[in-house]
Amino acid sequence: GEDVEQSLFLSVREGDSSVINCTYTDSSSTYLYWYKQEPGAGLQLLTYIFSNMDMKQDQRLTVLLNKKDKHLSLRIADTQTGDSAIYFCAELGSGGYQKVTFGTGTKLQVIP
Amino acid sequence: DTGVSQDPRHKITKRGQNVTFRCDPISEHNRLYWYRQTLGQGPEFLTYFQNEAQLEKSRLLSDRFSAERPKGSFSTLEIQRTEQGDSAMYLCASSLTLEQYFGPGTRLTVT
């Protein structure tokens, strides 16, 4: 079955880069996503990568995908206090329907 | 239409009562999803609609849970005979392609 794992917590200083890591088990994953959740709010889609890509850059965000190791990372350049939130990695399997499996989330704390 | 909306945002109910939540997706989105999120966890998939057809249900969706999307637009999620373990955030998402956009959620507290 599908499983997505993330480290629980990351602390960085404002202005530094943050790297949030994720591993997944479903080798047939088609899309991989990063979502951001601020306290008491729903999930905001940040970016996504198709499984036949290995990198995607979108302004301060860089997604790296190592399909062989089933490892996904999100790098946030020049991290700001407004980036403090929980970041979820998620995968869309190839099972025909639209089931997305989420990780447990990484809480990013940005220290001013 | 600026996004997915959910109503109510908060619901407190006594154990054994029935509750119903509503989700209004982004207007042109034909796919709609329900998820449940408990504290410290990621969202867990509950069910998926394409237009009015419910195409997949998680085994998490016990027979006390029912979801409908009668006209392929808004959806309702009903929980009958609520239990304390049902306390969670219930999230709705919609999509046109493979990018799911989430609403703010309904936080259910069962006392």
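Lettering follows sequence order; numbering is per chain, from 1.
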- Message: Is it true that B:Gln100 and A:Tyr31 share a donor-acceptor pair across their side chains at a distance under 3.5 Å?
- Response: no
- Query: Side chain, backbone, both or neither: which part of B:Leu98 has an atom under 4.5 Å from a heavy atom of chain A?
  - Reply: both
- Query: Does any heavy atom of chain A fall under 4.5 Å from the side chain of B:Arg9, the backbone, both, or neither of them?
  - Reply: side chain
- Part of A:Gln44 within contact of chain B (heavy atom distance under 4.5 Å): neither
- Do the two ring centres, one from A:Tyr35 and one from A:Phe102, sit under 6.0 Å apart? yes
- Item | Backbone N/O of B:Tyr90 and side chain of B:Arg36: donor-acceptor pair under 3.5 Å | no
- Could you check whether the rings of B:Tyr101 and B:His29 sit parallel, tilted or perpendicular, using 30° and 60° as the cut-offs? tilted
- Between A:Val100, A:Leu43, A:Leu45, the one whose heavy-atom pairs under 4.5 Å with chain B are most numerous: A:Leu43
